[in-house]
Each structure stands twice: as structure tokens, then as C-alpha cells.
Number of protein chains: 2
Amino acid sequence: MDLVKREQSALEGLEALCHAKGLRITGQRRVIVQILMDADDHPDADELHSMVRKVDRSISIATVYRTLQVLEQMNIVAKRDFGDGRARYEISVGQRDHHHHMIDIESGEVIEFYNQELEDLKMRIADELGFDLVDHHLELFGTRLASAGD
Amino acid sequence: MDLVKREQSALEGLEALCHAKGLRITGQRRVIVQILMDADDHPDADELHSMVRKVDRSISIATVYRTLQVLEQMNIVAKRDFGDGRARYEISVGQRDHHHHMIDIESGEVIEFYNQELEDLKMRIADELGFDLVDHHLELFGTRLASAGD
DNA sequence: GTGATATTGATAATCATTATCAATTGATAT
DNA sequence: ATATCAATTGATAATGATTATCAATATCAC
Ligand SMILES: [Mn+2]
Ligand SMILES: [Mn+2]
Ligand SMILES: [Zn+2]
Ligand SMILES: [Zn+2]
């Protein structure tokens with residue numbers, strides 16, 4: 001099963017990377033990663049905290065923030081900025097899952113997309129500017145087309 | 001002179017748009033726009049406030065924030081996010097000046113660029129997703145290549 | 001000039017995120 | 001299993017950028 005494989009590798013990745021960096025696997029971290037893996041949207045720290053507390057009431061918001069920070073440095077979690085004031089998070093296992101977001105400015109809906117041409121182009125641009133590309137942010141904002149499908 | 005023409009059109013644009021929206025032209029707004037037009041970088045509100053106070057000591061930080069907000073809504077100013085915690089601002093007269101930024105994560109240096117291919121592609125992507133593109137954010141982060149020119 | 005109202009400066013409030021710190025826990029060696 | 005010790009946690013204070021409040025002031029159409 002594809003889903004199971006992905007979840008396993010995420011948890012394995014977590015434990016392996018934790019050991020490699022001298023970090024400890026705690027119950028709190030396990031819960032937070034699990035909740036985030038089960039989420040199919042982009043929760044902020046508070047939303048995540050609420051979900052996490054349904055599993056373990058005692059986990060604090062500080063631990064949620066700290067864990068997200070750790071997971072981000074491990075490239076297990078991606079931190080996103082959709083323009084409202086808070087950061088949003090999602091699982092980002094390996095390089096496979098790289099994608100960007102189209103945000104409907106009327107409904108707030110978020111559509112994910114990946115475009116290889118775009119990835120190539122942005123790499124080429126960086127190269128022409130004399131840079132080694134380390135990271136990039138791209139978000140599109142728009143409104144739904146009132147087309148035939150409407 | 002090209003520079004003079006741009007400055008004139010920016011100030012004219014300011015006054016015209018202010019009148020159109022029932023906004024008043026104040027000394028504070030004039031100073032803030034002027035300082036921002038003379039800047040060739042991306043100051044944050046505090047940096048801008050410091051520069052503004054050299055012309056008029058009495059202008060408050062609140063007015064700087066408020067003015068930037070007004071100017072942004074008029075599309076005279078673009079608000080940027082380079083990943084440090086504060087917003088940065090720059091003059092953005094008309095559509096002509098649309099551009100993006102390559103940020104050197106080691107030095108903090110910011111290089112501006114424009115790429116038509118990229119603009120076309122991002123428009124095409126939005127269209128394929130069924131969206132009318134209203135805005136987009138794109139920033140590249142990287143390190144200088146250790147190439148021949150070094 | 002006068003008057004309605006937009007704007008301002010000073011300052012308090014907000015709100016997301018970080019820092020602090022004593023208490024607890026996980027990993028490792030014995 | 002127990003001891004050890006650094007990593008982690010929860011509670012809470014602090015931070016820092018931005019926004020809201022409000023009485024005083026300035027702008028502009030008349
Ligand atoms: Mn996503
Ligand atoms: Mn710029
Ligand atoms: Zn990408
Ligand atoms: Zn663009």
C-alpha cells in the first residue's frame with residue numbers, strides 16, 4: 001500500500017534523523033508528526049495544537065512550535081506563508097513532495113501543483129544570476145475563472 | 001532625464017490617485033514617498049522611519065505604517081517578504097517595474113530580476129488550474145557560485 | 001475664512017512566535 | 001534494573017512587528 005509505505009518511511013526517517021542528530025524520540029514528537037501526516041491541509045501551529053491535544057491533553061503549544069522547528073530543519077516539515085499573519089505547516093517527505101500553491105483569494109482554498117518546467121526555469125535563472133539555488137518560495141494568488149464548468 | 005520623469009510620474013500618480021480616492025495630500029505622505037523613491041534598496045518600516053525623521057523629526061512610526069498601507073493599496077508601493085520577520089517596501093510605479101528577488105542567504109544581498117518566460121509560465125499554470133491570476137510571490141534563495149569570476 | 005472630516009502622534013493593545021527555567025524524561029552505560 | 005546526565009517539556013514571561021484607539025490637528029472644498 002502506497003500510503004502505508006509513505007507513513008512508514010516518514011516515521012523511520014524521523015527516528016533515523018533524530019538519532020543522527022542526537023535528538024530524542026519523545027511521545028510528543030511522535031504524536032505531532034503523526035497528526036501532521038494524517039492532515040491533508042496546511043494547519044497553523046494553533047490548529048495543530050488543538051488536534052494534538054485530542055490525543056494528549058498535556059502537550060503544550062510551546063512544544064508544538066519547538067517540534068515544528070526541529071522537523072523543519074530536518075526537512076520533514078515545510079513551513080509555508082500564505083499571506084495571513086501565521087505560518088502554516090505540512091509534511092514534506094524527501095524531495096518527491098516538492099510543490100507549490102495556488103490560493104483562491106476569495107475562498108481561501110489552496111490548490112497544490114507541481115510544474116517541472118517551472119522548476120527548470122527557476123534553476124536556470126538562479127544559475128544565470130551566478131547563484132546556487134538553495135530554496136525558493138512561489139505562491140500564486142487568484143480567483144476562479146467563471147468558465148464553462150461553472 | 002529618465003530619473004526625473006519617473007519621479008515626476010510617481011508624484012503625479014500619487015496626487016491623482018489620492019484625489020480620486022478622497023485621500024488628502026499631507027506633508028508626511030510627501031516625505032515618505034520621496035524617501036522611498038530615492039531609496040534603491042528594500043527598507044523595512046523602521047529603517048524608513050529613521051530616514052524620514054531626518055527630513056521631519058515629528059513624523060511617527062504609526063504614520064509610516066499607515067502611509068505604506070495606503071500606498072500599497074494604490075499599487076504605488078510593493079510590500080515584500082524576504083523571510084526575516086518584517087515586511088520590506090519599495091516603490092513600484094505602474095506595471096513596468098514588476099520584478100522578483102534572488103536573496104543571497106549568506107550575505108543578505110538582494111538581486112532583482114525579471115524574466116518574461118517565467119511570467120508567461122506562471123500565467124499559463126494559473127489558467128490551467130482554472131484561475132484568473134491576481135498576484136504572485138516568487139523569491140529565490142541561494143549562495144554565490146564559486147566560479148571563474150571569483 | 002469656515003467647517004466637515006481625513007490624518008496625525010502618542011501610546012496601548014494584539015498576536016504570533018521565542019526565550020526562560022525548574023521539573024521531567026529518554027538514552028546510554030553500568 | 002539503576003544511575004547518570006543531557007535533551008526535552010510545560011508553564012509562563014518576553015519579544016517584536018504591526019494595528020487600534022483617540023484626542024488634537026491639518027487639509028481642502030466651499
Ligand atoms: Mn501543500
Ligand atoms: Mn525590488
Ligand atoms: Zn518549486
Ligand atoms: Zn512575476
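Everything quoted here is computed from the prediction, not taken from an experiment. Below, all heavy atoms of this structure are taken into account, side chains as well, without hydrogens, waters or symmetry copies.
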Subject >> Set of side chain to side chain contact (heavy atoms under 4.5 Å, CB included) partners for B/E90, sequence neighbours left out >> reply: B/H42, B/A78, B/R80, B/H99, B/H101, B/E112

Subject >> Set of salt bridge (charged side-chain N to carboxylate O under 4.0 Å, His left out) partners for A/E119, sequence neighbours left out >> reply: A/K122

**OP:** Could you tell me the separation between the CG atom of A/L71 and the P atom of D/dT8, rounded to a whole number of Å?
**Re:** 12 Å

Original post:
Once you round it to whole Å, what is the distance between P of D/dT18 and CG of B/L48?
Top reply: 12 Å

Original post:
If you round to the nearest 0.5 Å, how far is CZ of A/R53 from CD1 of A/I59?
Top reply: 9.5 Å

**OP:** Scan B/R29 against the nucleic acid and name what it touches under 4.0 Å (heavy atoms): base, sugar-phosphate only, or nothing.
**Re:** sugar-phosphate

Original post:
What one-letter contact string describes nucleotides 24-30 of chain D from 5' to 3', where B marks a base within less than 4.0 Å of any protein heavy atom, S marks contact via sugar-phosphate atoms alone, and - marks no contact?
Top reply: --BBS--

Original post:
Hey, what do you get for CZ (A/F131) to CD1 (B/I111), rounding to the nearest 0.5 Å?
Top reply: 3.5 Å

**OP:** Would you check if B/N75 and B/L17 make a side-chain contact, meaning some heavy-atom pair closer than 4.5 Å?
**Re:** no

**OP:** Name the nucleic acid region contacted by A/I59, choosing base, sugar-phosphate or nothing; use a 4.0 angstrom heavy-atom cut-off, strictly under.
**Re:** sugar-phosphate

Subject >> Nucleotide C/dT18, atom P - distance to NZ of A/K79 in whole Å >> reply: 5 Å

Original post:
If you find the nucleotide of DNA chain C closest to A/D46 and the one closest to A/R66, which residue's nucleotide is nearer the 5' end?
Top reply: A/D46

Original post:
B/R88 CZ to D/dT18 C1': how many Å, rounded?
Top reply: 15 Å

Original post:
If only side-chain N and O atoms of A/Y65 are considered, is one of them under 4.0 Å from the OP1 or OP2 phosphate oxygen of C/dT18?
Top reply: no

Original post:
Does B/L140 share a hydrophobic cluster with B/F82, counting links as ILVMFWY side-chain heavy atoms below 4.5 Å and allowing steps through other members?
Top reply: no

Original post:
In whole angstrom, what separates B/L68's CG from C/dT7's P?
Top reply: 15 Å

Subject >> Residue-phosphate contact under 4.0 Å: B/S60 side-chain N/O, C/dA10 OP1/OP2 >> reply: no

Subject >> Whole-Å distance separating the CZ atom of A/R57 from the C1' atom of D/dG10 >> reply: 15 Å

Original post:
How long is the line joining NE2 of B/H49 and C1' of D/dG16, in whole Å?
Top reply: 16 Å

Original post:
Hey, which of these two, A/V64 or B/R86, hits DNA chain D nearer its 5' end, going by closest nucleotide?
Top reply: A/V64

Original post:
To the nearest Å, how far apart are B/I61 CD1 and C/dA10 P?
Top reply: 12 Å

**OP:** Determine, using the 4.5 Å side-chain heavy-atom cutoff (strictly less than), whether B/M102 and B/F141 are members of one ILVMFWY cluster.
**Re:** no

